[in-house]
Amino acid sequence: MPWCHPLIPNFSGFSHLTVVENVRVGLQRKLGMTLQFWRSGKSLNALNTRAMELLDHVGLSEFAETVTVNLPYGRKRALEIATTLAMEPELMLLDEPSQGMGHEDVDRVTQLIKKVSAGRTILMVEHNMGIVSSIADRITVLQRGAILAEGPYEQVSVDPRVMEAYMGTADAQLQGAH
């Protein structure tokens, strides 16, 4: 996600388009239509079925005709995932996907990330240990750019070096699923 001020909701799509239109933009690449601005908008209707499948996959089908600017923040994150999935990536990079969300949205996006990880690699920067503990297969903890610890959450979360670096004491415990 591009950087933005933490108090200003960010969306990396087209806010003036509907939800389904945003997903169709991602799907256009496969058809070689990305730079064919002279074509009728109706030519994009061939993408509607796949766009709706992707919206259903991320739980947004009921919002298909909603103008994106009117979506709640957590749903915008789900839309960003849908538009990314439209390009069929093998690797998804997520930068703090839960930042700025309430608990309900965090749970929804956490489950969505877990769901879309099937068959692809997700590299995620996340500081919410509850999310990390429920999603990550492998964790790499960095300190000043160097690997401090690496492994499954159960191992890394009790590593004294990690506790010292992030909690200030080796006697603390990371807050996540234990």
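Numbers here are sequence positions counted from 1. Because the structure is predicted, anything quoted here is derived from the model rather than measured.
A side-chain N or O of Glu150 and one of Thr140 form a donor-acceptor pair less than 3.5 Å apart. Of the N and O atoms on the side chains of Glu80 and Thr83, not one donor lies less than 3.5 Å from an acceptor on the other residue. Side-chain contact annotation: Thr121 with Glu90, donor-acceptor N/O pair under 3.5 Å absent. With 3.5 Å as the limit, one finds a donor-acceptor pair spanning the side chains of Thr68 and Asn22.
Annotation: side chain of Leu54 is in contact with side chain of Leu27 (closest heavy-atom distance under 4.5 Å). A heavy-atom distance below 4.5 Å is found between the side chains of Arg75 and Leu60. Put simply, the side chain of Glu21 does not reach to within 4.5 Å of the side chain of Phe14, judged on heavy atoms. Val162 places none of its side-chain heavy atoms less than 4.5 Å from the side chain of Ser157. For the pair Val125/Leu94, no side-chain contact is recorded, criterion being any heavy-atom separation below 4.5 Å from C-beta on. Val132 has its side chain within reach of Tyr153: a pair of non-hydrogen atoms, C-beta onward, lies under 4.5 Å apart. You'll find the side chain of Val67 stays beyond 4.5 Å of the side chain of Leu17, heavy atoms only.
With respect to the salt-bridge test (charged N to carboxylate O, under 4.0 angstrom), the residues Glu164 and Arg161 do not qualify.
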Assess the residue pair Met124 and Asp95 against the criterion (side chain to side chain contact (heavy atoms under 4.5 Å, CB included)); give the C-alpha distance rounded to whole Å, side-chain angles, the decisive distance to 0.1 Å, and a yes or no. CA-CA 6 Å; Met124 179 172 67; Asp95 185 13; over 6 Å; no

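Remark: the backbone N or O of Ala51 is not paired with any side-chain donor or acceptor of Arg24 at under 3.5 angstrom. Arg77 contributes a side-chain N or O that, together with a main-chain N or O of Pro97, makes up a donor-acceptor pair within less than 3.5 Å. Counting only distance, with no hydrogens or angles, the side chain of Lys114 and the backbone of Val109 share no donor-acceptor pair below 3.5 Å. Judged by distance alone, the side chain of Glu126 and the main-chain N or O of Asn128 form a donor-acceptor pair under 3.5 Å.
Taking both residues in full, the closest heavy atoms of Met87 and Gly26 are given as CG-O, 3.6 Å, listed atom of the first, atom of the second, then distance.
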